[in-house]
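Heads up, the thing below is written out as structure tokens.
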Amino acid sequence: MKILVGIVSKNRASLLPKAIQSVLNQSYKNIEISIYDDCSEDNTYLLEKEFPNINWIFNKESKGYLYARNKLMRETNADLYCSLDDDAWFIHGNELQLAVEQFRNQPNLSAIAFDILSPDKPSHKKTEKPFFTNNFIGCGHILRLKDIRKLNFYEPNPGNYGGEEKDLCMRILDFGKEILYMPGVHVWHDKTNIARNLPQQYQSQVWNDLTNAYRRMPFPIVIYALPGKMVKHILYGLKNKLTKSAIKGIFKFIKGFRSIQKTRSPISKNTLNLYIQRSKENIH
């Protein structure tokens with residue numbers, strides 16, 4: 001099985017080489033690497049000379065990481081797509097080999113969630129038996145492309161950050177496919193503050209979360225789910241000094257409501273119950 005490892009990068013020239021090298025060090029070798037540079041303003045372009053044997057895409061107009069992921073998936077002939085953030089890297093070198101074995105043995109498997117470590121969650125776990133889950137984290141996951149093509153890839157969001165993984169996972173489960181979590185098979189996510197604007201990101205997260213809830217929540221659950229989410233976002237904003245961001249995100253959703261009505265495509269109640277049940281059981 002061929003894997004495309006896609007890394008979308010913006011202004012992270014100091015960290016990107018570590019992500020690339022962690023892929024080159026993998027024991028599994030049927031890999032191609034594509035770096036999509038989303039209009040960086042630093043020295044990222046110089047890295048092409050350091051890593052000449054991988055595919056570099058330098059975009060002159062910022063399109064966002066979601067556009068980039070979809071583009072990379074659409075234009076490859078690989079069987080699997082591994083998404084790795086530009087401030088994330090594999091730790092041990094056997095992560096892709098272990099993932100491929102799962103995809104080979106389980107034809108109903110559409111996605112794998114790696115065990116993500118970060119500065120706020122640094123403790124390594126022992127490798128344990130994988131289990132089905134409800135979600136994956138964007139900085140380190142793998143998708144079976146023949147399934148994701150049938151789902152038409154990631155749904156474009158109105159905001160430029162957040163919520164796309166949850167939305168795709170709901171659609172994967174509604175499609176009758178599975179998501180596997182691999183405890184102890186680690187990706188380190190450095191969560192660097194380079195090129196991050198946390199208030200803007202949270203505003204976008206709120207906007208996208210409400211949009212995706214409207215798109216996917218079945219009737220009549222959607223009627224009370226949306227107000228409940230608004231209250232939760234405001235309370236989170238109050239606790240974390242992001243109140244203005246929460247309110248702006250809510251108003252952007254309300255203002256753009258008509259434009260997203262055409263994109264409503266709810267999942268079944270059974271799928272929603274499965275998603276909620278697994279979110280309670282499989283906290284990782």
Side-chain angles (χ1 to χ4, degrees), residues 1-100 112-119 121-122 124 136-143 145 153-154 160-161 164-165 185-197 201:
M1 301 181 82
K2 183 178 179 180
I3 305 175
L4 169 63
V5 180
I7 303 175
V8 183
S9 188
K10 187 178 180 70
N11 295 331
R12 298 238 177 98
S14 61
L15 288 170
L16 182 55
K18 193 162 186 176
I20 295 171
Q21 195 60 54
S22 77
V23 182
L24 294 174
N25 292 341
Q26 288 290 301
S27 58
Y28 191 77
K29 296 304 180 184
N30 193 5
I31 298 172
E32 62 177 294
I33 305 172
S34 287
I35 310 297
Y36 182 102
D37 180 72
D38 194 34
C39 198
S40 289
E41 298 171 343
D42 62 3
N43 293 325
T44 298
Y45 68 96
L46 296 175
L47 295 175
E48 186 176 13
K49 293 182 179 180
E50 185 177 347
F51 299 98
N53 295 323
I54 63 178
N55 181 38
W56 290 87
I57 302 170
F58 293 97
N59 205 39
K60 296 181 180 180
E61 179 185 358
S62 182
K63 294 281 192 177
Y65 66 89
L66 195 56
Y67 169 88
R69 284 184 193 170
N70 280 346
K71 177 180 173 65
L72 292 173
M73 286 191 285
R74 285 190 173 102
E75 297 180 358
T76 183
N77 64 355
D79 303 291
L80 306 171
Y81 175 76
C82 175
S83 181
L84 192 67
D85 275 10
D86 57 356
D87 61 347
W89 47 83
F90 296 110
I91 295 177
H92 298 298
N94 64 346
E95 292 85 359
L96 294 180
Q97 178 67 54
L98 293 173
V100 166
I112 280 180
F114 288 120
D115 190 346
I116 308 299
L117 303 178
S118 59
K121 184 193 167 188
H124 290 227
F136 56 74
I137 298 174
C139 63
H141 66 280
I142 304 186
L143 302 172
L145 284 175
F153 305 99
Y154 282 105
N160 59 12
Y161 182 86
E164 66 280 346
E165 292 94 358
V185 183
H186 294 116
V187 167
W188 177 268
H189 185 204
D190 212 45
K191 291 188 176 181
T192 178
N193 286 326
I194 300 172
R196 291 185 191 272
N197 184 315
Q201 284 189 354

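Atoms considered below: every heavy atom in the structure, side chains included; atoms not considered: hydrogens, waters and symmetry mates. Small disclaimer: the values here were computed from a predicted structure and weren't measured.
With salt bridges taken as basic N to acidic carboxylate O contacts below 4.0 Å, none links D85 and K191.
For the pair L84 and S22, the minimum side-chain heavy-atom distance is below 4.5 Å. The shortest side-chain heavy-atom distance between I112 and V185 does not fall under the 4.5 Å cut-off. Here the side chains of I33 and F51 are not in contact, with every heavy-atom distance at 4.5 Å or above. Proximity of V100 to D79: side-chain heavy atoms (C-beta onward) are nowhere separated by under 4.5 Å. Annotation: side chain of P119 is in contact with side chain of W188 (closest heavy-atom distance under 4.5 Å). By the 4.5 Å heavy-atom criterion applied to side chains, H124 and L117 are counted as neighbours. Contact check for M1 versus N30: no side-chain heavy atoms found under the 4.5 Å cut-off.
One distance of note links CG of L72 with CD1 of I35; it measures 9.0 Å at 0.5 Å rounding. To the nearest 0.5 angstrom, I31 atom CD1 is 4.5 Å from L96 atom CG. Here the CH2-NE2 distance, from W89 to H189, works out to 9.0 Å after rounding to the nearest 0.5 Å. To the nearest 0.5 Å, atoms CD1 (I142) and CG (L98) are separated by 10.0 Å. Expressed to the nearest 0.5 Å, how far CZ of R69 lies from CZ of F153 amounts to 13.5 Å. Here CG of L143 is found 6.0 Å from CE of M73. Values are rounded to the nearest 0.5 Å.
The list of salt bridge (Lys or Arg N to Asp or Glu O under 4.0 Å) pairs with a residue in residues 43-67, not counting sequence neighbours, is empty. Applying the salt bridge (Lys or Arg N to Asp or Glu O under 4.0 Å) test to pairs two or more places apart or on separate chains, none has a residue in residues 18-31.
When the ring pair (Phe, Tyr, Trp, His ring centres under 6.0 Å) test is applied to F58, the partners found at least two apart in sequence or on another chain are W56. Partners of S27 under the side-chain hydrogen bond (donor to acceptor under 3.5 Å, both in side chains) rule, at least two apart in sequence or in another chain, do not exist in this structure. With sequence neighbours left out, the side-chain hydrogen bond (donor to acceptor under 3.5 Å, both in side chains) criterion links N59 to Y36. Listed by chain and number, the residues in a side-chain contact (heavy atoms from CB on, under 4.5 Å) with L66 are Y154, N157, E164 (sequence neighbours excluded). In terms of the side-chain contact (heavy atoms from CB on, under 4.5 Å) criterion, residue partners of S40 (sequence neighbours excluded) are, by chain and number, K10, N11, D37, D42, T44. Applying the side-chain hydrogen bond (donor to acceptor under 3.5 Å, both in side chains) rule to N25 yields the partners Q21; only residues at least two apart in sequence or on another chain are considered. N77 pairs by the side-chain hydrogen bond (donor to acceptor under 3.5 Å, both in side chains) definition with K2, not counting sequence neighbours.
Across every non-hydrogen atom of A113 and F136, the tightest pair is CB-CB, 3.5 Å. The heavy-atom pair separating F114 from H141 by the smallest distance is CD1-N, 4.0 Å. Taking all atoms of both residues into account, the shortest heavy-atom contact from A88 to C139 is CB-O, 4.0 Å. Taking both residues in full, the closest heavy atoms of D86 and A19 are given as O-CB, 4.3 Å, listed atom of the first, atom of the second, then distance. Considering all non-hydrogen atoms of both residues, N160 and Y65 come closest at O-CE2, 3.4 Å. Counting all heavy atoms, side chain and backbone alike, I3 lies closest to C82 at CG2-CB, 3.9 Å.
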Given the rule in the side-chain contact (heavy atoms from CB on, under 4.5 Å) test, do H186 and H92 qualify, once you have shown the distances and angles that lead to the verdict? CA-CA 8 Å; H186 294 116; H92 298 298; 4.0 Å; yes
Please lay out, stage by stage, how E165 and I137 fare under the test side-chain contact (heavy atoms from CB on, under 4.5 Å). CA-CA 7 Å; E165 292 94 358; I137 298 174; over 6 Å; no
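Between the side chains of Q26 and Q97, no donor-acceptor pair is found at a separation under 3.5 Å.
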